[in-house]
Q: 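Have a look at the structure that comes next, please.
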Protein chains: 2
Amino acid sequence: MTEITPGFDFAVSIDCVLFGFDGSELKILLIERNEEPFKDWWALPGNLVNKEESVDQSAQRILKELTGLSDIYMEQYYAFGDVDRHPQGRVISVAYYAMLRLGGEKPLKPLSSYAKKAQWINVADLPKLAFDHQHILNKGLEKIKRRIKHLPLAFELLPEKFTLTQVQSVYELILGKKLDKRNFRKKILSFKVLKELEEKQRGVSFRAATLYKFDKRKYNKLFGKEISF
Amino acid sequence: MTEITPGFDFAVSIDCVLFGFDGSELKILLIERNEEPFKDWWALPGNLVNKEESVDQSAQRILKELTGLSDIYMEQYYAFGDVDRHPQGRVISVAYYAMLRLGGEKPLKPLSSYAKKAQWINVADLPKLAFDHQHILNKGLEKIKRRIKHLPLAFELLPEKFTLTQVQSVYELILGKKLDKRNFRKKILSFKVLKELEEKQRGVSFRAATLYKFDKRKYNKLFGKEISF
DNA sequence: ATATAACGTGTATTTTTTACACTAAGTAAT
DNA sequence: ATTACTTAGTGTAAAAAATACACGTTATAT
């Protein structure tokens, strides 16, 4: 039993894994680093926690500084703490994820010089990532796979008004497999958290699909949907 | 946007939430602290991570030092990082949980003077805990509730040979509700991870129940059992 | 007008979940 | 040995959920 007295000599960082869906592709938000180590590499948006903020607050601040995004609800999912995960010292990283709808609206503008730019990158076509970020991302993907099987949570990824086919696409992309259209619709509608709108899709070639909205009130009443005993 | 450059001035700690089942009660492993702050209080086994060990390794070491237990597989479940959670500085705590069978065999002997003693305490009868340990524990309980609904994992809590009634007790204690005996048995046996033994219970008043064993091979083939689409 | 491509729908079968109550077997006391 | 006691162990029917599967409809583009 080694008896080294440990001190206050760690750093704690946040890494954010943001999944985005643009209507057809599943993407991840990455930044291009502007600082050593791993200058010019792609990385998850992340930085060190300050002393006077909680890790939750820190996650919000860091995401904003590096990407310009604010008020994104992120959920913590794991702390990465291998000894050599950071080349410049002992840094424990707490990882958060969120799922987002993507539209033209949101400009990605790093407010800090720490990132050269922020960009949504197709999950199917990722570059090599800095640090252990590929590992962090993989664990995040596992997390959301499990998550969308529990509660129909992929709505966070969808635009305000969406078609059932889009919902199915999101599920298929995350789960990595094809689903049966009729059964999928039956199931999704059975949760009773979708409101069918009068409106139809616009600006598409071929037949336009009915649009739906997500009913938050009813949604919040759901919870659990777990194995029964 | 405050621009304070953060340094390596955090500490990282581990807290272990060990659930134990002694055949009839659900218990938690606590220590009585021998150091300030919270000297003489009950607390979860926990301490600071050393610089030359990973957080996973640290969890193993700390558990051993404070309770004498080793080679317990623990799973990380959350990092607690509020600013004021530790009165003596900025300490982020990474929490781990495990589920254990309890028998006379294991002596609880703190190897470090940090703990006066370690003791299994009934979950239904907990003392006030140091720091934010009640909160950490609550979150751990939620975790294992979800967990045993997914995979029949409560076997970690049971002795090598056990009766179906014992399995049901564990589930009832963790879930906090009564279950139907026939349906419970049907379900548990349907997982096909139990081997019925020739042997019967011994040393009980009244009719002895058949003993079962957990079949690890078959168990490892299970995984997921999630909502289907 | 026609071709195109995605939309939208129903049923039968199987599997899973739920609700529900009595007999069997072993122990302890008399 | 009889009896009283306590826990073990078992089945079925009804309801709900999951699965497998194919074609007519409709808006758009040419």
Side-chain angles (χ1 to χ4, degrees), chain A residues 21-25 148-152 158-159 161-173 175 177-213 222-229, chain B residues 22-25 148-152 158-159 161-173 175 177-213 222 224-229:
Chain A
F21 181 68
D22 64 0
S24 65
E25 309 268 20
I148 64 166
K149 286 199 164 192
H150 265 336
L151 287 184
L158 294 161
K161 300 169 181 181
F162 48 83
T163 68
L164 294 182
T165 303
Q166 284 178 316
V167 184
Q168 188 172 343
S169 301
V170 170
Y171 272 80
E172 289 179 343
L173 283 165
L175 298 178
K177 65 177 180 188
K178 287 278 165 204
L179 305 171
D180 178 87
K181 184 156 64 159
R182 279 175 294 189
N183 292 340
F184 181 81
R185 284 167 180 235
K186 211 184 300 176
K187 184 113 180 190
I188 280 291
L189 292 174
S190 79
F191 287 118
K192 307 211 169 166
V193 294
L194 294 191
K195 236 197 306 232
E196 186 175 346
L197 303 177
E198 300 295 299
E199 224 174 327
K200 301 234 161 196
Q201 233 177 350
R202 295 185 122 274
V204 289
S205 328
F206 313 115
R207 181 178 180 184
T210 302
L211 290 169
Y212 286 80
K213 247 176 93 175
L222 270 181
F223 246 137
K225 275 280 172 185
E226 283 151 347
I227 286 183
S228 41
F229 271 103
Chain B
D22 64 359
S24 65
E25 308 270 21
I148 64 166
K149 285 199 165 192
H150 265 334
L151 287 184
L158 293 162
K161 299 168 182 182
F162 48 82
T163 68
L164 294 182
T165 301
Q166 283 178 315
V167 184
Q168 187 173 344
S169 302
V170 170
Y171 273 79
E172 289 178 342
L173 283 165
L175 299 178
K177 65 176 181 189
K178 288 278 166 206
L179 305 172
D180 177 85
K181 182 156 65 157
R182 279 175 294 188
N183 292 340
F184 181 82
R185 285 170 179 233
K186 211 184 301 175
K187 182 113 180 188
I188 280 291
L189 292 174
S190 79
F191 287 118
K192 306 211 168 166
V193 294
L194 294 190
K195 236 198 306 234
E196 185 175 347
L197 302 176
E198 300 296 298
E199 225 172 326
K200 300 232 163 198
Q201 234 177 347
R202 294 185 123 275
V204 289
S205 327
F206 315 115
R207 181 177 178 183
T210 301
L211 290 170
Y212 286 79
K213 246 177 92 174
L222 270 182
K225 275 280 172 186
E226 284 152 345
I227 285 183
S228 41
F229 272 102

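Naming: A, B, ... by sequence-line order, numbering from 1 per chain.
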Q: When you get a sec, tell me which of D:dA20, C:dC7, D:dT12 is the closest nucleotide to the side chain of A:R207?
A: C:dC7
Q: Mind listing the closest non-hydrogen atom pair of A:L197 and A:K161 along with its distance?
A: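 Distance-wise, the nearest heavy atoms are CD1-CG, 3.7 Å.
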Q: Pick the nucleotide of DNA chain D nearest each of B:Y212 and B:F206; which residue has the one closer to the 5' end?
A: B:F206
Q: Starting the side chain at C-beta, find the nucleotide from D:dA8, D:dT28, D:dG11 nearest to B:R182.
A: D:dG11
Q: Could you state the CD-P distance from A:E196 to C:dC7, rounded to the nearest angstrom?
A: 14 Å
Q: Measure the distance from CZ on A:F184 to C1' on C:dC7 and round it to the nearest whole Å.
A: 15 Å
Q: Are A:L194 and A:L164 packed together at the side-chain level, in the sense that at least one heavy-atom pair is separated by less than 4.5 angstrom?
A: yes
Q: Taking all non-hydrogen atoms of both residues, which atom of A:K200 and which atom of A:A208 are closest, and how far apart?
A: CD-O, 4.0 Å
Q: Compare every heavy atom of A:R182 with every heavy atom of A:D180, then report the nearest pair and how far apart it is.
A: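 Heavy atoms of A:D180 and A:R182 come nearest at OD2-N, 3.2 Å.
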Q: What is the distance from CD of A:Q201 to C1' of C:dA6, rounded to the nearest Å?
A: 9 Å
Q: Mind checking the CG-NZ spacing from B:L211 to B:K195? Nearest 0.5 Å is all I need.
A: 14.0 Å
Q: Whole angstrom is fine here: how far is it from CG in A:D180 over to P in C:dT13?
A: 18 Å
Q: Take the protein atom CG of B:N183 and the nucleotide atom P of C:dC20, then report the distance between them rounded to whole Å.
A: 11 Å
Q: Within this structure, what is the NZ-to-C1' distance between A:K186 and D:dT19, rounded to whole angstrom?
A: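 One finds 8 Å between C1' of D:dT19 and NZ of A:K186, rounded.
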Q: Look at the side-chain N and O atoms of B:S190 and state whether any lies under 4.0 Å from the OP1 or OP2 oxygen of C:dT16.
A: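 Indeed not, no polar side-chain atom of B:S190 lies that close.
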Q: Check whether any side-chain N or O of B:S205 sits under 4.0 Å from OP1 or OP2 of D:dT6, and answer yes or no.
A: no
Q: Taking the side chain of A:K181 as heavy atoms from C-beta outward, which of C:dG8, D:dT28, C:dT18 is closest to it?
A: C:dG8
Q: Whole-Å distance between D:dA18 P and A:L189 CG?
A: 14 Å
Q: Take the protein atom NZ of A:K187 and the nucleotide atom C1' of C:dT9, then report the distance between them rounded to whole Å.
A: 19 Å
Q: For C:dG8 and A:T210 - does any side-chain N or O of the residue sit under 4.0 Å from the phosphate oxygens OP1/OP2?
A: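 Answer yes for this pair, as a side-chain N or O of A:T210 is under 4.0 Å from OP1 or OP2.
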